[in-house]
Asker: 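Encoded as structure tokens, here's the structure I'll be asking about.
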Amino acid sequence: MNIVACIKETPSTTAEKSFGPDMRLERRKEDAIPNPFDEYTIEEALRQQEKHAGSTVTILCMGPATATDTLRKALAMGGDRAVLVSDSALAGSDAIGTARVLAAALQKIGFDLALFGSAAADAYGGVVPSATAEFLGLPLLSYASKLDLSGDSTARIQRAAEIGYNEAEAPLPALVSVVKSINEPRYPSMKGIMASKKKPLDTFSLADLGLDPSSVGGAAARERAISSEKVSTQRKGEMYQGNEGAADRVVAFLIEQKVL
Amino acid sequence: MSNDVWALAEINNGKLANISLQLTTKAAELAAAFGGSAAAVALGTNTQAAAQELGACGAKTVYASEGEVYNQYLTQPHAETLATLIQQHQPRLVLWGGTNYGRDVAARVAARLGLSIEYNVGEVAVEGDGIVMTVPAFGGAQSVKMQFTGEGTKLLGARQNAFPTSRGGGTPQVEQVHAPAVPAKGAKVSGPFGTEGAEEAGHLGKAPDGHDIWMPAASRAKLEEAQVIVSGGRGLGGPQGFQQIEDLAAALGASVGASRAAVDAGWIPYAHQVGQTGKTVKPTVYIACGISGAVQHKAGMGTSSLIIAINKDKDAPIFQFCDLGIVADLNVVVPQLTAAVKRRKGQ
Ligand SMILES: Cc1cc2nc3c(=O)[nH]c(=O)nc-3n(C[C@H](O)[C@H](O)[C@H](O)COP(=O)(O)OP(=O)(O)OC[C@H]3O[C@@H](n4cnc5c(N)ncnc54)[C@H](O)[C@@H]3O)c2cc1C
Ligand SMILES: Nc1ncnc2c1ncn2[C@@H]1O[C@H](COP(=O)(O)O)[C@@H](O)[C@H]1O
């Protein structure tokens with residue numbers, strides 16, 4: 001079975017972030033990490049590989065040329081090889097442009113199961129998996145909190161709905177997006193980190209994927225950022241010290257605010 | 001393209017989700033600004049009842065499509081119907097909600113028809129002939145103003161609770177739409193949602209390891225829709241600490257939230273987690289008890305209208321972004337507060 005884990009590169013949560021004059025995120029290589037939610041994506045790919053002998057795991061990322069570092073970090077967890085889709089024409093891609101590229105790359109790689117995170121921790125879009133499924137004309141089993149590939153021809157998931165869970169299934173090849181409760185991601189071992197340096201890492205350009213530069217990247221993005229500002233949290237910031245009278249102060253506050 | 005503005009309603013288990021009313025209210029407001037008319041799209045079962053509610057929120061037309069196919073397959077039939085309707089009627093804007101359903105349907109439609117799509121929109125302003133959307137970035141640390149470019153219908157994804165509901169509308173005209181055929185390669189719903197009567201009974205469904213999850217009595221309102229949330233963190237000291245939180249929530253009619261530390265410790269199910277990897281909430285009041293206020297927690301509750309924090313450490317980061325900070329022991333203050341609220345309410 002061919003398993004592909006799609007991972008996004010995001011700035012780390014603690015990194016200082018800013019927009020450049022073109023209103024694009026100023027990316028600093030040293031702050032880049034695999035989207036934290038995609039640790040679950042990778043982990044699930046590895047667990048399925050362990051259950052299905054002879055499977056291969058490819059880690060796929062569309063990102064800047066420096067995202068090879070992010071892919072090596074991912075490969076340290078496991079997996080056989082990585083593919084980076086990188087091209088200067090891809091800068092400024094929106095979610096739909098990204099999905100178009102991932103769909104083409106997935107087709108070129110060939111897959112039975114393509115795994116995604118439910119959303120990336122940068123903008124919480126969560127639209128790439130479903131849009132990619134549409135471009136491929138394939139089913140997406142989204143928000144999986146459990147995945148079972150019994151029989152190698154059908155994927156079954158437990159799906160985390162808005163509240164509660166239900167079950168869903170689809171014939172392979174299929175796309176699956178996972179939620180955090182699906183597994184507990186492993187930490188890369190020393191051995192894994194060493195091994196990651198030698199694993200094959202291919203880079204695809206748009207030409208390799210047969211995509212027209214005008215159909216993707218900034219050229220095709222249909223949304224535009226016009227300005228940004230730091231959010232000032234103007235809070236009252238009133239403080240009250242001590243156990244004595246604290247409960248009464250809270251009640252009085254709730255009454256002042258017309259909540260009680 | 002028309003000047004009409006649509007809302008994609010969401011029906012779960014035959015029940016109209018609240019976000020549908022918020023979206024329809026906003027659609028009516030925007031349609032009025034553009035000189036168009038508001039409509040809602042309701043797909044699934046019980047669409048007639050849903051249509052009346054959507055009409056009350058200002059939808060002049062409701063495109064209703066009934067069919068089991070919508071319950072049997074995830075998203076694909078819904079996207080198919082919505083895409084067809086958009087092609088037929090060319091609305092200017094379609095509002096969808098930032099729920100699992102909304103994201104999956106809207107993303108498919110955007111990919112299929114090549115439409116502009118924006119998500120997590122918190123505010124929409126009409127400026128000249130277009131709109132400017134405000135979207136949070138970097139966990140809410142920055143806010144970005146966005147515009148759509150290009151031709152065609154625009155798909156605007158709203159955050160939950162971004163827009164209030166108002167019922168100033170009337171009886172809508174309901175247009176019946178055919179349900180599509182079963183998708184060739186479909187993601188099929190194969191198991192029931194929770195157990196029978198799950199929602200009323202507070203049954204959250206099955207956890208990944210197979211055990212049943214029940215919502216604590218006080219927290220039956222969906223967290224994302226709750227007006228008051230009492231949230232607990234590691235400072236509770238253990239699962240029994242949540243009893244105090246539940247008691248206070250019950251007295252206030254609030255829902256129960258939690259920090260990741262409390263969830264990871266197994267004190268409360270994941271469904272209650274607020275933050276970057278949990279739920280985003282925007283209640284009128286958020287009461288954080290024994291929560292330090294890490295950036296990842298703030299990402300999920302930082303836009304609450306009022307934040308009250310109870311923490312014994314005067315240097316806890318949460319005191320930097322609260323309206324009322326109580327530096328005290330929650331084990332003393334929370335039970336006293338519960339008693340005081342009950343007295344006030346005459347309970
Ligand atoms: C990728 C990533 C994603 C994350 N996502 C989330 C998320 O979605 N949500 C989330 O919440 N966190 C998330 N976290 C974790 C986050 O960084 C914090 O670790 C977490 O929020 C801490 O939870 P806490 O405030 O309950 O615990 P602590 O930070 O341990 O704080 C406990 C607080 O309780 C106070 N306290 C103790 N005893 C008492 C008492 N008797 N009375 C009053 N106060 C008391 C202490 O002073 C302290 O401030 C994430 C982290 C990462 C790396
Ligand atoms: N540039 C990318 N390269 C690879 N995978 C991506 C990329 N962008 C998004 N994804 C996948 O889509 C998921 C959701 O991302 P998003 O829609 O951007 O929130 C991520 O968890 C990844 O699995």
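As the structure is a prediction and not an experimental result, all values here were calculated from the model.
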Asker: Quick one: are B:Gln227 and A:Val259 in side-chain contact, heavy atoms under 4.5 Å?
Answerer: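 Heavy-atom side-chain distance check fails, nothing below 4.5 Å.
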Asker: Between A:Ser130 and B:Asp104 (side chain of the first, backbone of the second, donor and acceptor by atom type, cut-off under 3.5 Å), is there such a pair?
Answerer: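 Here the side-chain-to-backbone pair exists.
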Asker: Checking heavy atoms, do the side chain of A:Leu254, its backbone, both or neither come under 4.5 Å from chain B?
Answerer: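 Side chain of A:Leu254 only, per the 4.5 Å heavy-atom cut-off to chain B.
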Asker: Could you state the interatomic distance from NZ (B:Lys185) to CG (A:Leu140), rounded to the nearest 0.5 Å?
Answerer: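 Those atoms lie 14.5 Å apart.
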Asker: Do A:Arg159 and B:Leu74 come close enough that some side-chain heavy atom pair is under 4.5 Å?
Answerer: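 Yes - at least one pair of side-chain heavy atoms lies under 4.5 Å apart.
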Asker: Give, as side chain, backbone, both or neither, the part of B:Val228 having an atom under 4.5 angstrom from any heavy atom of chain A.
Answerer: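 The answer is the side chain of B:Val228.
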Asker: When only pairs under 4.5 Å are counted, which of B:Gly278, B:Ala328, B:Gly325, B:Ala79 shares the most heavy-atom pairs with chain A?
Answerer: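 Ranked by heavy-atom pairs under 4.5 Å with chain A, first place is B:Gly325.
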Asker: Between chain A and each of B:Glu151, B:Glu118, B:Lys154, B:Met133, count heavy-atom pairs under 4.5 Å; write down the option with the most.
Answerer: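 Between B:Glu151, B:Glu118, B:Lys154, B:Met133, the count favours B:Glu151.
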Asker: Do you know which two heavy atoms are closest between B:Lys345 and A:Leu260, and how far apart they sit?
Answerer: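 Of all heavy-atom pairs spanning B:Lys345 and A:Leu260, the closest is CE-CD2, 3.8 Å.
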Asker: Under 4.5 Å heavy-atom distance to chain A, tell me which part of B:Thr75 shows up: side chain, backbone, both or neither.
Answerer: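 No part of B:Thr75 comes within 4.5 Å of chain A.
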Asker: Can I get a per-line list of side-chain donor-acceptor pairs under 3.5 Å for residues 334-342 of chain B, giving both atom names and the distance, sequence neighbours left out?
Answerer:
| unit_1 | atom_1 | unit_2 | atom_2 | d |
| --- | --- | --- | --- | --- |
| B:Thr338 | OG1 | B:Val334 | O | 2.9 |

Asker: So does A:Glu244 have more than 12 non-hydrogen atoms from other groups sitting under 6.0 Å from CD?
Answerer: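 Counting neighbours around CD of A:Glu244, 12 or fewer heavy atoms of other residues, nucleotides or ligands fall under 6.0 Å, so no.
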Asker: Specify which of A:Pro171, A:Ala133, A:Ala119 makes the most heavy-atom pairs with chain B at under 4.5 Å.
Answerer: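 Result: the option with the highest number of such pairs is A:Ala133.
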Asker: Relative to chain B, which segment of A:Ala95 carries a heavy atom at a distance below 4.5 Å: side chain, backbone, both, or neither?
Answerer: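 Looking at A:Ala95, just its side chain touches chain B.
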Asker: Among all residues two or more places apart in sequence or in another chain, which pass the side chain to side chain contact (heavy atoms under 4.5 Å, CB included) test with A:Pro34?
Answerer: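 Applying side chain to side chain contact (heavy atoms under 4.5 Å, CB included) to A:Pro34 gives A:Ile7, A:Thr70, A:Lys73.
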Asker: To the nearest 0.5 angstrom, please state how far the CZ atom of A:Phe135 sits from the CZ atom of B:Arg108.
Answerer: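 Between atom CZ of A:Phe135 and atom CZ of B:Arg108 there are 11.0 Å.
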Asker: Please round to the nearest 0.5 Å and tell me the distance separating atom CD of A:Glu167 and atom OG of B:Ser190.
Answerer: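 Nearest 0.5 Å value for the CD-OG distance: 5.5 Å.
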Asker: Less than 4.5 Å to any heavy atom of chain A: does that hold for the side chain of B:Arg344, its backbone, both, or neither?
Answerer: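 The answer is the side chain of B:Arg344.
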Asker: Checking heavy atoms, do the side chain of B:Val333, its backbone, both or neither come under 4.5 Å from chain A?
Answerer: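 When you check distances to chain A, atoms from both the backbone and side chain of B:Val333 fall under 4.5 Å.
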Asker: To the nearest 0.5 Å, what is the distance between CG on B:Leu306 and CZ on A:Arg235?
Answerer: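 B:Leu306 atom CG to A:Arg235 atom CZ measures 7.0 Å (nearest 0.5 Å).
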Asker: Please check if the side chain of A:Arg224 supplies one atom and the backbone of B:Thr149 the other of a donor-acceptor pair under 3.5 Å.
Answerer: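 No; zero donor-acceptor contacts below 3.5 Å.
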Asker: Counting only heavy atoms closer than 4.5 Å, note whether A:Ala221 contacts chain B via side chain, backbone, both or neither.
Answerer: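 Only the backbone of A:Ala221 comes within 4.5 Å of chain B.
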Asker: Short question: side chain of A:Glu223, backbone of B:Ile117 - any donor-acceptor pair under 3.5 Å?
Answerer: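 Present.
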Asker: Please round to the nearest 0.5 Å and tell me the distance separating atom CZ of A:Phe37 and atom OG1 of B:Thr277.
Answerer: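 Rounded to the nearest 0.5 Å, the CZ-OG1 separation comes to 5.5 Å.
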Asker: Can you say whether B:Ser305 sits under 4.5 Å from chain A via the side chain, the backbone, both, or neither, judging by heavy atoms?
Answerer: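 Backbone of B:Ser305 only, per the 4.5 Å heavy-atom cut-off to chain A.
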Asker: For the candidates A:Val127, A:Asn243, A:Asp248, A:Ile255, which exhibits the highest count of non-hydrogen atom pairs separated by less than 4.5 Å from chain B?
Answerer: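 Top option by heavy-atom pairs under 4.5 Å: A:Asn243.
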Asker: For A:Val251, which atoms come within 4.5 Å of any heavy atom of chain B: side chain, backbone, both, or neither?
Answerer: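 Contact with chain B is through both the backbone and side chain of A:Val251.
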Asker: Do the non-hydrogen side-chain atoms of B:Tyr270 and A:Val179 ever get within less than 4.5 Å of each other?
Answerer: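 Side chain of B:Tyr270 against side chain of A:Val179, heavy atoms only: no contact under 4.5 Å found.
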Asker: Is the shortest distance from a Lys or Arg side-chain nitrogen in A:Glu134 or B:Arg112 to a carboxylate oxygen in the other one below 4.0 Å?
Answerer: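 Counted as a salt bridge, because a side-chain N and a carboxylate O are separated by less than 4.0 Å.
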Asker: Chain A: which of B:Gly102, B:Gly186, B:Ala309, B:Pro183 shares the most heavy-atom pairs with it under 4.5 Å?
Answerer: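 So the answer, after comparing B:Gly102, B:Gly186, B:Ala309, B:Pro183, is B:Gly186.
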Asker: Who wins among A:Ala168, A:Ala174, A:Ser177, A:Ala170 for the most heavy-atom pairs under 4.5 Å with chain B?
Answerer: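 That would be A:Ala168.
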Asker: Report yes if some heavy atom in the side chain of A:Gln257 is under 4.5 Å from a heavy atom in the side chain of B:Thr284; otherwise report no.
Answerer: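 They are not in contact (no side-chain heavy atoms under 4.5 Å apart), so the answer is no.
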Asker: Got more than 12 heavy atoms from elsewhere within 6.0 Å of CD, A:Glu238?
Answerer: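 Count over threshold, so yes.
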Asker: A:Arg156 versus B:Lys188: any side-chain heavy-atom pair under 4.5 Å?
Answerer: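 They are not in side-chain contact.
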Asker: Nearest 0.5 angstrom please: A:Met239 CE to B:Phe319 CZ, how far?
Answerer: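 With rounding to 0.5 Å, CE (A:Met239) is 4.5 Å from CZ (B:Phe319).
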Asker: Could you check if a side-chain atom of B:Val144 sits within less than 4.5 angstrom of a side-chain atom of A:Ile226, using non-hydrogen atoms only?
Answerer: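 No - every pair of side-chain heavy atoms lies 4.5 Å or more apart.
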Asker: Need one label for B:Asn331: side chain, backbone, both or neither, based on atoms under 4.5 Å from any heavy atom in chain A.
Answerer: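 Neither part, no heavy atoms under 4.5 Å.
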Asker: Taking atom NZ of B:Lys314 as the centre, report whether more than 12 heavy atoms of other residues, nucleotides or ligands fall under 6.0 Å from it.
Answerer: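 No, not enclosed.
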Asker: Can you say whether B:Lys312 sits under 4.5 Å from chain A via the side chain, the backbone, both, or neither, judging by heavy atoms?
Answerer: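 Interface part for B:Lys312: neither.
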Asker: Report which part of B:Leu330 has an atom under 4.5 Å of a heavy atom belonging to chain A: side chain, backbone, both, or neither.
Answerer: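 Neither part, no heavy atoms under 4.5 Å.
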